[in-house]
There are 2 protein chains.
Amino acid sequence: MIENEPGETETVSGKTRDALRAAHLYYMQDLTMDAIAHELHTSRSSISRLLSHARASGLVEISIHSPLDLPSRLEQEILEHHEVHAHVVPVPDHASDVDRLDRVALSAARILGQYVDSNQTIGIAWGSTMTAMSRHLVPKATHNTEIVQLNGAGNLRTTGILYASELLRRFGDAFGAHVQQFPVPAFFDDPETRRAFWRERSTRRLLDLQSRMDVALFGLGSPFAEVPSHVYQGGYLERADYEALSRDGVVGDVATVFYRADGSSDGIALNERATGPDFSVLRRAPRRVCVVSGRAKIASLRGALAAGLITDLIVDEGTARALIESRDG
Amino acid sequence: MIENEPGETETVSGKTRDALRAAHLYYMQDLTMDAIAHELHTSRSSISRLLSHARASGLVEISIHSPLDLPSRLEQEILEHHEVHAHVVPVPDHASDVDRLDRVALSAARILGQYVDSNQTIGIAWGSTMTAMSRHLVPKATHNTEIVQLNGAGNLRTTGILYASELLRRFGDAFGAHVQQFPVPAFFDDPETRRAFWRERSTRRLLDLQSRMDVALFGLGSPFAEVPSHVYQGGYLERADYEALSRDGVVGDVATVFYRADGSSDGIALNERATGPDFSVLRRAPRRVCVVSGRAKIASLRGALAAGLITDLIVDEGTARALIESRDG
DNA sequence: AAGCCGCATGCACATATGTGCAATGGGAGA
DNA sequence: TCTCCCATTGCACATATGTGCATGCGGCTT
């Protein structure tokens, strides 16, 4: 976060003070913006902008509580079948996968604030889901919170996708948190290089952070879906790798670590070269938030659930329904 | 709370479900009402009404967080000088006392939800401030919460003022709580009658509840202000009573129990006939929320603070400023 | 001291939201 | 089964809110 500079202090806190006051008048006292403008001796349009600012900067928080006696049927069933707390994001069935992703990411960004707090270590993966989320984060002030990158990103070839560092920075900015980058490629070419790297003290420091995560946040990869995930388009994997994955019965990945439909991940060769945290490490985090959208990811989701990687799931309605309805969807 | 009747269940929970979904779409996904109407196959105006319902029924909660490093100057100073957590309600200086009361009550009603929770006993006084609040309560579902009337109300002579029972019922409805009425006059004529009554088992049960309150909620009376409080207009007190109060140096009351500027209340004769809880009982409640508006109540507020009756104060800005600025305001 | 830059402001217009009213339809009771 | 009642709906209009644009004010650089 940018510290106030001399001479700027007044302006910055003045704006926040105004925003706070306008928010009180608008949300607590139900005054019209016109009336507020009058009270604050400014124009109505300035108040409109001030209130937008108040919302966007987390001064105003809007939350939705479903009555305890009326949980969403889907969320209830997911809890019963999979022992996972679900947030089902309503999305019309006819929505495109792009819409779906955007809407889930938007909701997820706003829900995320509930999980993040001071004095926490938060692990974050990268991918198209996380990128979409990063665009909509609502800031929340925290102290002593640290964000740690879960897996290497290497270089990207495709355009229009943010570098992982930019993505992490957005999360860091939103929570006033320090960011620990993980500057390695997504996959090493040689398992031995990875092992050597893992012995480096700077790497160990980061791995240590990962093992002490309070919250892990990730999307899911699904290598064989019709619309392959981010990782599978970036040129990280070669044809031979795909064939190996296919042979190993892989259905998905979390932070570039692969698993099968039954949740197992032993003996998957590619994992020896991957940079994401071993599932045994990941599972140490008491809260593991997974954001998923699109039915293409159902197989991947089932696998991740079977592997016990998820404690909190944010998912679009159609996918949630498909998850519950049939085991062979 | 009205229980669902057969055949009504579907309708009621259907409406709540719709409201919940609409709220998600509106507040989490930023869809326009038009778009939501389309998704839910209804008209835009129905969505507008549905969202109003969602807000009014507490499904949607809007809260305002002031950044920890920027507390309101006034709130900060009140905390330092009086060891009380203040919520300062912004109100323009030129507002009338009626406006002031309305706006403070509206804000207070919305803040109240933060203090109320399941398994609590909540004591509530009555008066114009509480009446105004009762009109704006935002429902919040609780279990096993009990509301107990702090002081008797007797009969009222003036019109346009709700009977205490109606007032209490509104609080009870808002929190789904059971209400314990206290069917006695505000003041007994004879102290002996009061003592006798206090020995009754039904009374003792209620007094016992009062002594176990988790939250007490009250306004302040100020007998000698230009605009006298509710109690002083209702015909509860006679001229001789006023003169006695004046002689005793009384500056205010909480739930019809009087105190002096220094917070003392010993030897005030009228208190022997009053039905409100003794301050020693009141102070057992870990949270004691006081709602005050209007500079006329400053002397009364100072006294209540001196008596240590308040832990949380909701007050209009002008009064807060006057409280801080000069000791002889 | 002058000039430049960037940001905040208010206006006017474009959208979005709130609400009185008449019409509709489902359900309780006769 | 019929009728009446009341709650809910959508329309059309009234308000309220959002936003592109031109303007002007400070602050910083040259």
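Below, chains carry the letters A, B, ... as their sequence lines are ordered, and counting in each starts from 1. Small disclaimer: the values here were computed from a predicted structure and weren't measured.
Looking at every heavy atom in both residues, B/Gln29 comes nearest to A/Val89 through NE2-CG1, 2.9 Å. Scanning all heavy atoms of the two residues, the minimum distance from A/Val138 to A/Ala56 falls at CG1-O, 4.3 Å.
Of the listed nucleotides (D/dT9, C/dA8, C/dG10), D/dT9 has the atom at the smallest distance from the side chain of B/Ser46.
Here D/dT9 presents its P atom at 14 Å from NE2 of B/His41, a figure rounded to the nearest Å. We find that CG of B/Asp18 is positioned 13 Å from C1' of D/dT8, with the value rounded to whole Å.
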Give each protein N/O atom lying under 3.5 Å from an N/O atom of nucleotides 14-18 of chain C, with the pair distance.
| unit_1 | atom_1 | unit_2 | atom_2 | d |
| --- | --- | --- | --- | --- |
| C/dT17 | OP1 | B/Tyr26 | OH | 2.8 |
| C/dT17 | OP2 | B/Thr32 | OG1 | 2.9 |
| C/dT17 | OP2 | B/Met33 | N | 3.0 |
| C/dG18 | OP2 | B/Ser48 | OG | 2.8 |
| C/dG18 | O6 | B/Arg44 | NH2 | 2.7 |

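The distance from the CD1 atom of A/Ile47 to the CD1 atom of A/Ile36 is 6.0 Å, given to the nearest 0.5 Å. Interatomic distance, A/Glu75 CD to A/Ile324 CD1, rounded to the nearest 0.5 Å: 11.0 Å. Atom CZ of B/Arg110 and atom NE2 of A/His24 lie 12.5 Å apart (nearest 0.5 Å).
Under a 4.0 Å N-O distance rule, the pair A/Arg103/B/Asp30 does not qualify as a salt bridge. Taking 4.0 Å as the cut-off between side-chain N and carboxylate O, B/Glu166 and B/Arg170 count as a salt-bridged pair. A salt bridge links B/Asp93 and B/Arg321; the closest N-O separation between the charged side-chain nitrogens and carboxylate oxygens is under 4.0 Å.
Between its opening and closing five pairs, the helix from C/dA1-D/dT30 to C/dA30-D/dT1 changes axis direction by 30°, a value rounded to 10 degrees.
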